[in-house]
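Take a look at the structure below.
Atoms considered below: every heavy atom in the structure, side chains included; atoms not considered: hydrogens, waters and symmetry mates. In what follows, chains carry the letters A, B, and so on, assigned in the order in which the sequence lines appear, proteins first and then strands, with residues in each chain numbered from 1.
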Amino acid sequence: MSQLLQSHDYTVGHLTPNIVLYEPSFEGWLSAVFYVYANKLQNDDSLQLIAQDCYLPSLIAQATSVTTDEYNAERVLTKLHKLLGRSGMRNILWGFLSEKDNIGTTLFQVVKYAIDYPRRPIMEDLGNLNVLELVQTVKSVGREKHRMEAFVRFEHTTDDIYFARVEPDFNVLPLIGEHFRQRYQDQHWAIYDLSRGYGIYYDKSQSTPSRPATLQTITDLDDTVLRNPASIHSEDEQLYQKFWQGYFTNVNIKERKNPRLHKQYLPQRYWKYLSEKQVLPNAEHLQKRR
Amino acid sequence: MATINYERLQGKLNILADAAKYDVSCSSSAGTRKNQGGGLGDASATGICHSYTEDGRCVSLLKILLTNHCIYDCAYCTSRKSNDTPRAAFSVEEVVDLTMQFYRRNYIEGLFLSSGIFKSGDYTMERLVEVAKILRTRERFNGYIHLKTIPGASKELLLEAGLYADRLSVNIEIPTKSGLALLAPEKSHDELKAPMETVKTEIITIKESRKTHKKAPKFVPAGQTSQMIVGASNETDLQVIQLSSHFYKQYDLKRVYYSGYVPMLSDSRLPAIGTPVPMIRENRLYQADWLMRFYGFGAHEIVEPDSPFLDLDCDPKLAWAIRHREHFPINIQTATYEMIVRIPGIGTKTAKKIVKARKFNQLTLYHLKKMGAAVNRAKYFIATTGKNEHLAHLTRYNFRQYVLAQTQTKYKDQRNGQLALF
Ligand code: SF4
């Protein structure tokens with residue numbers, strides 16, 4: 001780490017740095033883009049933009065850390081908005097949330113392409129490998145977003161909050177909030193990303209008849225609760241989980257059973273948090289008794 | 001408010017979920033209902049599959065029967081009067097409660113409610129309408145609601161149902177008149193089509209009045225659908241596809257669903273128990289249906305009268321291309337979108353990408369692959385700028401066998417591994 005901090009001392013022209021490190025936030029990356037142009041590094045073929053926390057120092061590469069600068073970030077953002085439009089910016093942001101190792105560089109190359117050819121609808125040029133890489137990444141992020149919208153399982157707690165735990169592959173919480181906000185306006189709810197240690201919370205008492213409440217960010221939830229949410233289940237929660245399990249089991253047509261397809265659509269890594277998967281196949285409450 | 005007996009609810013739910021599971025018309029897409037502030041739910045998005053059953057089918061709705069008691073005796077149905085099966089009935093409040101509670105936990109997109117017929121069509125339909133009405137008015141539920149119309153229900157009830165439901169559907173059940181007469185003598189095609197006509201007319205009327213009166217009520221905003229069972233009587237695919245095409249044109253149906261018959265009743269009129277479910281055939285019918293709805297194919301192009309069944313070895317688009325090699329190769333740099341979507345292995349999304357990307361680049365097979373085309377099939381049918389050596393095979397006398405042999409493994413995957421079962 002100390003190595004990284006010292007690297008601030010590199011000066012352009014003395015030793016040209018080819019790795020630019022940014023603080024791991026979208027503003028951080030925007031600041032790095034600003035830095036690259038301010039120092040005219042954009043045409044260096046070996047240039048890489050890497051999030052600080054993903055970077056392994058190497059002997060041959062020169063790395064520069066860029067601190068986040070909100071003013072610079074804002075300037076880049078405005079410029080990009082103009083160049084790429086809403087849907088282009090959406091691609092950039094979604095790509096960024098993938099947290100892929102090389103995404104900072106890919107995004108930069110796309111941005112550079114847009115700056116070099118301001119009249120071209122560059123997002124349509126799938127023959128460009130950076131654009132293609134981005135579009136494919138956005139697709140994976142979109143898939144994960146969609147899966148989270150589907151696989152979130154709220155559990156009703158004694159505080160009258162519907163609470164869900166998730167561990168998505170990409171950082172999709174910022175992308176799914178609006179979906180849930182529109183949908184669940186008349187209940188308190190929270191979705192917590194265990195792997196990233198933060199969540200979003202909707203407090204219905206903050207809503208007005210014409211507008212749903214704004215989402216709040218929550219962090220540092222009690223670890224024992226996260227590991228065992230049953231400890232805060234409301235009285236009815238178990239009941240409805242059982243109803244759901246009984247339903248899920250009985251809609252299955254056993255003549256058509258197809259475990260491979262089942263796993264393809266419902267990847268096993270999500271099962272941990274799916275209430276319908278937390279039950280033995282011969283459990284009593286799944287039977288068709290009257 | 002009526003009380004709910006939670007003790008017995010689990011058993012009922014298990015029975016009535018099981019009894020509803022053969023109904024496949026359960027997608028929740030094409031919803032248009034927005035949460036108008038403060039309520040629960042929103043059905044404006046495309047449907048979400050919240051789970052998948054072990055048979056690999058999407059679970060997006062609470063799909064249940066109100067009751068599996070029935071005064072009818074349709075041979076293909078487990079709820080039929082003469083079948084010995086545990087019976088149950090929900091109260092209206094129980095269905096409302098389950099829907100709300102499941103929705104609140106993000107298990108479902110909404111409710112799909114069908115029913116056996118107890119007492120009479122009207123008596124049953126009235127209760128279905130009551131469930132939808134309470135959900136919309138008392139519970140302020142904006143999620144998706146699909147009601148099945150009950151044969152014999154009055155026009156007035158249908159019209160009321162349409163005010164609360166996003167979608168109504170009428171099952172045509174068996175694709176041929178003779179088949180239906182044999183298996184469900186109490187029903188007839190004409191009788192089943194009558195409610196479709198009513199719903200269609202009302203959709204048009206309300207659409208018209210909404211042009212002038214913005215506040216006019218919505219009526220089944222997600223339209224109407226139908227379902228037919230295939231493989232229970234001896235209909236051909238040609239008959240099935242022609243009937244679907246007729247429905248799309250005549251009643252403006254949003255979708256027709258096909259349900260491969262699952263033999264579970266012994267009856268001399270039906271395939272014996274143990275006869276495999278015609279899964280591949282069902283899959284081919286869906287593919288054919290897609291070709292009609294999204295690819296601009298006419299029913300007459302998909303199955304031709306001299307061989308009235310779909311090719312089980314290859315999908316209908318590939319089969320069409322093999323039969324009509326005179327249209328190929330297609331030059332992807334210059335051909336119209338309509339022709340590009342007819343290339344096997346190229347879907348509508350890829351075709352759109354091609355039309356955009358070709359303005360910037362001369363496209364090669366590599367590009368197509370990156371854009372998501374199934375190049376292993378497409379390569380026999382396209383001309384690109386570079387030389388395409390696969391084109392030489394297009395004129396082979398045994399082209400069909402050749403292409404199938406080259407793409408077979410891929411097909412097995414695409415059929416979702418079903419082949420491994422047989
Ligand atoms: S009327 Fe419907 S529920 Fe009754 S037996 Fe026929 S198909 Fe089954």
Side-chain angles (χ1 to χ4, degrees), chain A residues 120-121 124-128 132 136 146 149-156 162 164 179-180 182-187 207-212 236 239-244 246-262 264-266 274-276 285-290, chain B residues 6 8-15 17-18 20-22 34-35 37-42 44-45 48-59 62-64 86-88 98 101-102 104-107 140 262-264 277 279 353 356-357 359-361 363 367 370-371 416-418 420-421:
Chain A
R120 211 180 268 191
E124 289 175 13
D125 181 7
L126 297 180
N128 177 302
L132 190 66
Q136 281 167 343
H146 189 74
E149 287 168 358
F151 299 156
V152 154
R153 293 287 179 265
F154 288 121
E155 302 175 90
H156 191 229
Y162 288 81
H179 168 86
F180 286 98
Q182 286 305 327
R183 186 167 283 214
Y184 294 103
Q185 297 182 26
D186 86 331
Q187 66 190 37
S207 64
T208 66
S210 59
R211 178 168 303 175
D236 288 346
L239 189 64
Y240 287 104
Q241 287 198 16
K242 281 186 172 171
F243 287 158
W244 175 239
Y247 174 73
F248 179 78
T249 307
N250 283 289
V251 287
N252 184 43
I253 299 178
K254 53 180 193 312
E255 290 84 348
R256 302 177 64 132
K257 189 171 165 141
N258 187 342
R260 225 184 68 189
L261 189 61
H262 177 62
Q264 183 190 323
Y265 288 143
L266 200 67
L274 296 176
S275 32
E276 64 270 30
H285 67 279
L286 309 177
Q287 308 302 313
K288 282 195 283 293
R289 68 195 147 69
R290 299 178 65 190
Chain B
Y6 291 100
R8 287 191 55 201
L9 193 50
Q10 179 90 64
K12 289 190 201 180
L13 176 59
N14 293 351
I15 291 170
D18 181 280
K21 70 187 178 187
Y22 299 104
K34 262 211 158 330
N35 193 336
L40 180 74
D42 176 303
S44 60
I48 295 177
C49 298
H50 288 273
S51 196
Y52 292 87
T53 57
E54 287 182 355
D55 54 45
R57 295 184 312 155
C58 157
V59 182
L62 171 60
K63 181 172 59 161
I64 44 177
R87 308 278 171 175
L98 284 171
Q101 295 288 348
F102 280 9
R104 288 193 181 286
R105 287 166 175 76
N106 202 42
Y107 296 165
R140 300 214 292 151
V262 182
M264 63 260 157
V277 183
M279 308 259 279
K353 284 186 201 160
K356 279 183 182 167
K359 291 183 211 146
F360 303 97
N361 281 294
L363 302 179
H367 288 119
K370 282 287 180 186
M371 290 176 197
N416 309 327
Q418 293 303 345
L421 292 175

Handout entry: Separation of A/L261 CG from B/R57 CZ (nearest 0.5 Å)
Key =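 Going from CZ on B/R57 over to CG on A/L261, the span is 11.0 Å.
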Handout entry: Pairwise distance CZ(B/R104) to CG(A/D186) - rounded to 0.5 angstrom
Key = 4.5 Å
[X], part contacting chain B, at a heavy-atom distance under 4.5 Å:
X	answer
A/I253	both
A/S275	side chain
A/E155	neither

Practice task
Kindly give the heavy-atom pair with the smallest separation between B/S51 and A/R153, and that separation in Å.
Solution key: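 Scanning both residues completely, I find the closest heavy atoms to be CB-NH2, 3.9 Å.
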Exercise for the section: Quick one: closest heavy-atom pair of A/R120 and B/F360, and the distance? Expected result: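 Between these two residues, the closest heavy atoms are CG-CE2, 3.7 Å.
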Tell me if a side-chain donor or acceptor on [X] pairs with a main-chain N or O of [Y] at a distance below 3.5 Å.
X	Y	result
B/Q101	A/Y240	no
A/R183	B/L40	no
B/H367	A/L126	no
A/Y247	B/K63	yes
B/N106	A/E149	yes

Practice task
Using ring-ring contact (aromatic ring centres under 6.0 Å, His included) as the criterion, list what pairs up with A/Y162, not counting sequence neighbours.
Solution key: A/H156
Practice task
Classify the ring geometry between B/Y6 and A/F243 as parallel (under 30°), tilted (30 to 60°) or perpendicular (over 60°).
Solution key: parallel
Practice task
Give me the ring orientation class for B/Y107 and A/W244: parallel if the planes are under 30° apart, tilted from 30 to 60°, perpendicular past 60°.
Solution key: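 Plane angle under 30°, so parallel.
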Completion exercise
Sorted by chain and residue number, the side chain to side chain contact (heavy atoms under 4.5 Å, CB included) partners of A/N250 (sequence neighbours excluded) come out as A/K288, B/N14, B/A17, B/D18
Can you confirm whether [X] sits close enough to [Y] that some side-chain heavy atom of one is under 4.5 Å from a side-chain heavy atom of the other?
X	Y	answer
A/Y265	B/C49	no
A/H179	B/I48	yes
A/E276	B/V59	no

Handout entry: Atom group of B/L363 that falls short of 4.5 Å from chain A, counting heavy atoms
Key = neither
